[in-house]
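Here is how names work: the chains are called A, B, and so on, in the same order as the sequence lines, proteins then strands, and each is numbered from 1.
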Number of protein chains: 2
Amino acid sequence: MAGHQILVRQVDPTSDRAVFRQIADHLREAIQDGRLRTGEKLPSEAQLMEHYNVARMTVRQAIQELKAEGLAVSEHGRGVFVRARPPVKRLAFDRFARRHRKEGKAAFLAESESVGAKADVDMIKVREAPAPGDIAERLRVSPDETVVVRSRRYSLDGTPVELATSYIPVDLARGTRIMDDNPGPGGIYARIEEQGRQLERFIEDVSTRMPTHEEARLLLLGPGVPVFRLIRTAYDVEGRPVEVCDTIMPGDAYLLSYELPAH
Amino acid sequence: MAGHQILVRQVDPTSDRAVFRQIADHLREAIQDGRLRTGEKLPSEAQLMEHYNVARMTVRQAIQELKAEGLAVSEHGRGVFVRARPPVKRLAFDRFARRHRKEGKAAFLAESESVGAKADVDMIKVREAPAPGDIAERLRVSPDETVVVRSRRYSLDGTPVELATSYIPVDLARGTRIMDDNPGPGGIYARIEEQGRQLERFIEDVSTRMPTHEEARLLLLGPGVPVFRLIRTAYDVEGRPVEVCDTIMPGDAYLLSYELPAH
DNA sequence: GAGTGGTCTAGACCACCAC
DNA sequence: TGGTGGTCTAGACCACTCT
């Protein structure tokens with residue numbers, strides 16, 4: 001093993017800064033200036049204890065800090081590693097252009113094909129249920145009015161990338177393939193347009209927060225990775241909201257791109 | 001004190017789930033179903049130790065988990081409290097409409113006035129420096145080509161809400177008030193349009209991550225709060241990028257709203 | 001079996017806050 | 001001054017991974 005070259009400095013016990021934070025600082029710098037590269041193993045807890053001459057809880061607190069920042073992940077029995085950043089997927093502002101629906105693809109499939117990835121949808125559940133408050137407001141239905149709720153999980157090459165729940169007024173969904181697990185070519189939006197309700201625009205409301213435990217489990221998120229919450233409302237040409245889609249996406253895997261007018 | 005009503009359950013020592021996680025689960029449920037309200041104090045570490053009959057490090061791990069999720073904040077010498085969510089500010093998709101500039105207001109001031117808050121800008125620094133790689137690409141200049149860099153911090157009613165850094169090609173900035181700390185009425189965009197370069201559109205690239213330590217300090221962020229990173233590129237009517245603005249915003253204080261075309 | 005991280009105990013001293 | 005959280009020590013036993 002010959003000792004870790006990255007361990008050169010010692011902590012300053014007279015400093016105001018807590019010892020565990022100083023250790024975290026050393027490791028953070030090593031990661032950020034490339035002395036520790038993506039996927040590489042950090043010194044073990046035992047090595048850090050010996051080098052800095054501190055108790056185990058102290059080095060664990062330092063490592064905990066790096067994990068919370070999303071810089072490191074631990075693997076039981078193997079070690080602590082510099083987190084590998086997933087390739088970032090850019091969601092373009094024209095991703096709901098009608099030409100995609102015309103080609104018989106739902107938005108997600110159209111997007112993923114363009115990057116040569118294999119898309120999957122699982123955990124599909126369709127039911128009728130009351131609309132939650134913020135959704136009802138966007139859909140312009142009474143709070144707790146029954147709507148059709150479609151939830152599902154999207155994966156790309158086997159990695160879960162999105163949890164989505166759509167809310168559709170019952171009069172637009174009942175008796176259509178929107179009630180089926182597979183809504184057919186072009187997805188929900190194509191089924192809505194078939195009813196003569198041409199879509200005109202979408203409003204997306206983007207927020208971010210730390211995931212709940214359930215979300216972290218379903219999206220295989222490590223600690224220190226926030227999620228995007230994206231609430232999209234689809235409007236038809238008459239200005240009526242015809243669908244609200246509430247999606248949760250890993251924050252480290254997406255870049256959302258939008259166009260704004262200057263006039 | 002009469003004991004905490006929220007402490008009713010005990011942990012199951014035979015469960016696979018770690019004791020500290022079970023304690024965190026109890027507290028999380030109490031917060032989420034309203035038994036512990038915003039701003040309210042959690043039971044102290046000593047109380048939790050006694051109730052669950054565990055060591056101090058165990059209850060501290062439970063509390064640590066809640067803090068990482070952004071559900072609680074600790075105050076030295078006072079206690080641990082249910083995190084107060086700041087009022088969420090909605091950024092509308094028409095916020096760069098020219099009418100705001102015509103009224104002599106920069107975008108930030110126009111926005112904040114509409115909600116009746118007092119806006120401040122501090123930590124203003126203007127300098128010439130090489131453009132970072134991702135910025136240079138958006139600005140279509142060579143990597144490390146010198147550009148004008150304007151950084152500043154925005155506050156609302158005394159609370160810091162945004163760290164922003166603008167990059168402007170030197171030929172558009174030198175000799176104008178863009179080089180001044182105060183760029184004048186209507187902000188940078190107004191100064192650019194005065195040079196006959198009418199703005200046509202903006203592209204905003206939105207990402208999210210945990211803040212660096214420096215960002216958490218400048219934005220007064222607690223643990224467990226992610227940030228938005230928003231990179232906005234401004235284009236003139238000829239399609240030339242005339243400014244790139246890189247901003248960091250507390251993720252719990254903003255909701256970004258965008259409009260997407262369906263055609 | 002040796003090495004790793006995960007969990008937990010039972011203390012200690014300190015800094016900060018409210019009374 | 002007593003209660004609070006912040007930091008740190010020095011152990012223990014366990015589960016997991018690799019060889």
If you check every side-chain atom of Ala55(A), which of dT9(C), dT9(D), dT7(C) has the closest atom? dT9(D)

Using a cut-off of strictly less than 4.0 Å, decide whether Thr58(B) has a side-chain nitrogen or oxygen near OP1 or OP2 of dT7(C). no

Find the distance Asn53(A):CG to dT9(D):C1' and express it as a whole number of Å. 11 Å

Between the side chain of Arg35(B) and the main-chain N/O of Ile31(B), is any donor-acceptor distance below 3.5 Å? no

Kindly determine whether Asp25(A) and Arg17(A) satisfy salt bridge (Lys or Arg N to Asp or Glu O under 4.0 Å), including the steps that lead there. CA-CA 10 Å; Asp25(A) 291 343; Arg17(A) 196 158 176 79; 2.6 Å; yes

Would you say the side chain of Arg209(A) lies within less than 4.5 Å of the side chain of Ile248(A), judging by non-hydrogen atoms? yes

Nearest-neighbour nucleotide for the Lys67(B) side chain, dG5(C), dT9(C), dG6(D) considered: dG6(D)

Nearest whole angstrom, please: distance from the P of dC8(D) to the CD of Glu45(B). 15 Å

Dot-bracket for DNA chain C, 5' to 3', Watson-Crick and G-U pairs with both distances under 3.5 Å, [ ] for crossing pairs, | for partner on another strand, reads ||||||||||||||||||.

Calculate the interatomic distance between Ile63(B) atom CD1 and dT7(D) atom C1'; express it in whole Å. 15 Å

Ignoring backbone atoms, test whether Ser74(B) places a side-chain nitrogen or oxygen under 4.0 Å from the OP1 or OP2 oxygen of dG5(D). no

Assess whether salt bridge (Lys or Arg N to Asp or Glu O under 4.0 Å) is satisfied between Asp246(A) and Arg229(A), documenting all intermediate values. CA-CA 7 Å; Asp246(A) 187 349; Arg229(A) 181 181 182 195; 2.7 Å; yes

Rounded distance in Å - CD (Gln64(A)) to P (dT7(D)): 12 Å

Mind checking if Arg21(B) touches a base, just sugar-phosphate, or nothing, with heavy atoms under 4.0 Å? sugar-phosphate

Please report, rounded to the nearest Å, how far the P atom of dG6(C) is from the CE atom of Met49(A). 14 Å

Would you mind reading off the distance between Gln61(B) atom CD and dG5(C) atom C1', rounded to a whole angstrom? 12 Å

Return the value, rounded to whole Å, for the distance between atom CD of Glu50(A) and atom P of dA10(D). 14 Å

Checking side-chain contact (heavy atoms from CB on, under 4.5 Å) against Pro160(B), which of Met249(B), Arg153(B), Met123(B) comes through? Arg153(B)

If we ignore angles and hydrogens, is there a donor and acceptor under 3.5 Å between the side chains of Thr165(B) and Arg152(B)? no

For nucleotides 11-19 of chain D, read 5' to 3', which letter fits each nucleotide if B means a protein heavy atom sits under 4.0 Å from the base, S means only the sugar-phosphate is that close, and - means neither? -B--BBSS-

Solution key, residues 56-64 of chain B side-chain donor-acceptor pairs under 3.5 Å, sequence neighbours excluded:
residue  : atom : partner  : partner atom : Å
Arg56(B) : NE   : Glu45(B) : OE1          : 2.6
Arg56(B) : NH2  : Glu45(B) : OE1          : 3.0
Arg60(B) : NH1  : Glu45(B) : OE2          : 2.8

State, with a plain yes or no, whether a side-chain heavy atom of Met49(A) is found less than 4.5 Å away from one of Ser44(A). no

Side chains of Val227(A) and Val225(A): closer than 4.5 Å at any heavy-atom pair? no

Figure out the CZ/C1' separation between Arg60(B) and dT7(C), and round it to whole Å. 16 Å

